[in-house]
Amino acid sequence: MTLDQKYPLHFTNSLSGKKEKFEPIHPGFVGMYVCGPTVYNFVHLGNTRTFLTFDTVSRYFRFLGYKVRYVRNITDVGHLVNDADEGEDKIAKKARMEQLEPMEVVKQYTEDFHSVMRVFNILPPSIEPSATGHIIEQINITNKLIELGLAYEVNGSVYFDVKKYNQQNNNSYGILSGRNIDELMESGRELDSQSEKRDKRDFALWKKALPAHIMRWPSPWGDGFPGWHIECTVMSTKYLGETFDIHGGGLDLKFPHHECEIAQATGANGKSPVNYWIHSNMLTVNGQKMSKSLGNSFLPSELFTGNHPLLEKGYTPMTVRFFMLQSHYSSTLDFSNEALNAAEKGYKKLSAALTIIKQADPTGTGAPDAELSSGLHHLAEQCYQNMSDDFNTAKTLAVLFEMASRINDIKSGNLVVSRIDKETFDFFKKTYVGFMEDVLGLREETSHNHELLDGTIQVLIELRKKAKTDKNFALSDKIRDDLKAIGVQLKDNKDGSIDYTVE
RNA sequence: GGUUCCGUGGCCGAGUGGCUAGGCUGAGCUCUGCAAAAGCUCCUACAGCGGUUCGAAUCCGCUCGGAACCUCCA
């Protein structure tokens with residue numbers, strides 16, 4: 001029995017709003033597309049949460065034995081500033097402000113994005129396509145939609161005919177976001193230069209470029225650039241097929257972006273593009289969504305250094321990762337210094353247990369205790385059960401904390417390893433290490449633990465041992481206190497050995 | 001205005017009809033030369049008001065409060 005059969009995965013499908021059993025199109029394989037960043041600025045912490053969510057999702061699929069193709073795009077054309085744009089997109093605007101070539105901007109912020117992903121231990125996707133690399137495909141699908149009568153050209157721009165699509169598809173526009181097309185008409189706002197559209201609910205597939213616009217490509221309708229939604233439709237279906245398993249993204253993309261993707265793809269290919277939609281919720285600050293425009297966002301670098309008015313101190317990447325994993329991806333998560341401090345301590349506890357269990361060995365004498373063994377086996381199994389239940393990282397962490405207590409029992413001698421049968425011990429160890437490192441992506445933060453530093457501290461530890469043996473407690477305390485003052489905490493173990501941690 | 005979601009103990013945060021969430025903080029105990037770490041114990045909540053039910057934090061209704069989307073946004 002394979003792991004995915006033993007612990008069948010269920011998760012909430014945004015399309016139905018219900019928790020569903022995951023049934024892949026091709027058994028053993030998962031195709032997943034996630035909307036990536038728009039690279040016209042530094043990614044802030046809120047953006048990071050979404051990528052962390054889907055990193056964990058893809059990690060767990062792989063852990064269960066699935067072969068995953070994870071596609072996450074780079075939006076380097078830039079979303080329109082607004083629907084009434086003057087033929088200028090965000091990247092072009094930024095480029096002019098900074099006197100740079102658009103591709104220079106894109107390059108800079110893509111590099112930043114990648115480095116942020118790396119420090120958070122977010123694994124790279126299988127394919128990372130860019131919008132500018134798929135202009136031809138975007139033109140082709142736009143052409144196809146025109147031929148099908150679902151799009152129309154006006155003055156060098158092409159728009160998707162939402163009303164017509166809706167009539168042809170059982171009024172399904174709004175199927176994802178629960179929106180009603182008639183209500184959209186009432187609430188939609190009127191914009192001056194929107195007069196080109198036949199209906200204000202229509203959205204752009206291709207926009208004509210004005211002379212000032214510096215990102216432009218030739219097309220059957222003249223020089224221009226693609227609309228926002230079409231890139232994701234093109235790149236997802238190109239690499240995953242016309243219907244694929246999972247599409248993810250931030251909740252704020254549900255409407256209109258994802259709704260438009262469904263309409264375009266369904267219109268062009270005659271079939272629904274995605275079986276399961278997953279939306280991750282927002283990171284909030286004082287209850288409000290973190291966003292650049294609200295001025296309550298901060299950059300990962302500011303978080304690490306603590307160099308920000310909202311931050312009391314700096315926090316390590318793994319502390320932040322742990323902090324985010326403590327809540328469910330579908331809930332909002334509120335940022336606060338208190339919560340980060342709590343996370344820092346909690347994470348250190350798990351990390352310390354990780355170091356211990358990795359070195360633990362099931363040696364020793366004594367008969368295995370069946371009841372004890374089955375209790376530990378059951379505990380470890382809960383990691384699988386919790387992750388298979390809508391990727392519940394919070395519940396999984398709760399189990400890992402209990403496992404960490406047992407690991408500490410082993411270290412302190414409260415729990416004799418030989419009382420655990422070999423099979424259970426191996427499963428327990430494999431589960432703890434596997435869920436920490438492979439599934440949750442939490443690694444030991446030992447960057448301070450350089451060889452030189454370690455060697456130096458070992459010398460001091462030996463001196464202190466000698467002082468203790470000589471009952472020279474004044475000296476042994478001075479060594480410990482002085483080390484603590486510079487951030488090195490010594491810990492005396494029962495067996496006389498001495499460990500240390502670096503703050 | 002429309003659509004949707006949320007309101008859990010000192011703080012963060014899981015949980016959807018009966019069974020201990022967990023972390024952090026605080027108090028105590030054990031271990032220890034003293035610490036630190038660790039283990040154990042305690043502090044037992046579900047916005048308010050009604051209703052359904054043998055039984056509700058969990059379902060229904062109303063009230064109050066907060067948020068997201070409807071415009072670029074992870």
Side-chain angles (χ1 to χ4, degrees), chain A residues 17 34-38 40-41 43-54 78-85 89-90 174 177-180 182-184 186-189 191 228 248-257 279-284 286-294 297 322-323 326-328 330-350 352-353 356 386 392-402 404-409 411-415 468 471 473 476-477 480-481 484 489-494 498-501:
Chain A
V34 171
C35 292
T38 305
Y40 67 90
N41 227 313
V43 287
H44 67 241
L45 199 63
N47 303 319
T48 307
R49 188 184 181 203
T50 296
F51 303 125
L52 170 65
T53 294
F54 293 103
H79 298 172
L80 302 178
V81 171
N82 56 52
D83 257 355
D85 68 280
D89 73 27
K90 277 193 173 172
S177 56
R179 252 155 256 255
N180 177 308
D182 299 321
E183 284 164 0
L184 283 170
E186 285 163 23
S187 64
R189 49 172 201 168
L191 292 163
W228 171 27
L251 191 58
D252 49 356
L253 297 182
K254 200 172 183 181
F255 189 90
H257 184 56
H279 288 94
S280 64
N281 216 134
M282 300 292 107
L283 181 68
T284 61
N286 294 322
Q288 240 186 356
K289 174 179 169 181
M290 179 181 283
S291 76
K292 193 157 164 51
S293 53
L294 284 170
S297 67
F322 170 85
F323 164 70
Q326 265 192 308
S327 74
H328 190 85
S330 65
S331 302
T332 54
L333 172 63
D334 199 56
F335 170 89
S336 70
N337 283 283
E338 294 74 23
L340 260 297
N341 274 324
E344 184 173 54
K345 294 189 178 172
Y347 169 66
K348 276 185 178 171
K349 199 167 173 178
L350 290 183
I356 295 167
N386 290 330
N392 199 324
T393 53
K395 273 181 105 169
T396 304
L397 282 171
V399 176
L400 290 175
F401 271 106
E402 286 192 43
S405 288
R406 299 293 77 77
I407 291 167
N408 285 323
D409 277 336
K411 181 183 160 78
S412 66
N414 290 339
L415 184 64
K468 279 181 70 180
K471 302 266 183 215
F473 294 124
S476 69
D477 285 356
R480 184 176 63 202
D481 295 345
K484 181 165 171 55
Q489 174 70 59
L490 297 186
K491 299 171 189 171
D492 294 354
N493 295 320
K494 267 185 176 172
I498 299 174
D499 289 342
Y500 70 92
T501 54

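So you know, we letter chains A, B, ... as the sequences are listed, proteins then strands, and number each from 1.
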Exercise. Got a sec, which residues hit ring pair (Phe, Tyr, Trp, His ring centres under 6.0 Å) with Phe335(A), two or more places apart in sequence or on another chain?
Worked result: Phe298(A)

Seminar exercise, completed: Sorted by chain and residue number, the salt bridge (Lys or Arg N to Asp or Glu O under 4.0 Å) partners of Asp334(A) (sequence neighbours excluded) come out as none

Exercise. Lys468(A): what forms a salt bridge (Lys or Arg N to Asp or Glu O under 4.0 Å) with it, not counting sequence neighbours?
Worked result: Asp492(A)

Exercise. With sequence neighbours excluded, what pairs up with Gln326(A) under the side-chain hydrogen bond (donor to acceptor under 3.5 Å, both in side chains) test?
Worked result: none

Seminar exercise, completed: Readout for nucleotides 36-47 of chain B: B = base within 4.0 Å of protein heavy atom, S = sugar-phosphate only, - = neither; 5' to 3' it is BSSSS-------

Problem set entry | For Lys395(A), all residues meeting salt bridge (Lys or Arg N to Asp or Glu O under 4.0 Å), sequence neighbours excluded | none

Seminar exercise, completed: In B/S/- notation (B base, S sugar-phosphate only, - none; protein heavy atoms under 4.0 Å), nucleotides 3-8 of chain B written 5' to 3' is S-----

For this session: Not counting sequence neighbours, which residues clear side-chain contact (heavy atoms from CB on, under 4.5 Å) with Ala352(A)? List them please.
Result: none

Problem set entry | For RNA chain B, the dot-bracket pattern of Watson-Crick and G-U pairs whose distances stay under 3.5 Å, | for other-strand partners | (((((((..(((.....[...))).(((((.......)))))....(((((..]....))))))))))))....

For this session: Apply side-chain contact (heavy atoms from CB on, under 4.5 Å) to Lys349(A) and list each qualifying residue two or more places apart in sequence or on a separate chain.
Result: Phe401(A)

For this session: Check ring pair (Phe, Tyr, Trp, His ring centres under 6.0 Å) between Phe51(A) and all other residues, then give those that pass, not counting sequence neighbours.
Result: Phe113(A)

Seminar exercise, completed: Residues passing the salt bridge (Lys or Arg N to Asp or Glu O under 4.0 Å) test with Arg480(A), sequence neighbours excluded, are Asp477(A)

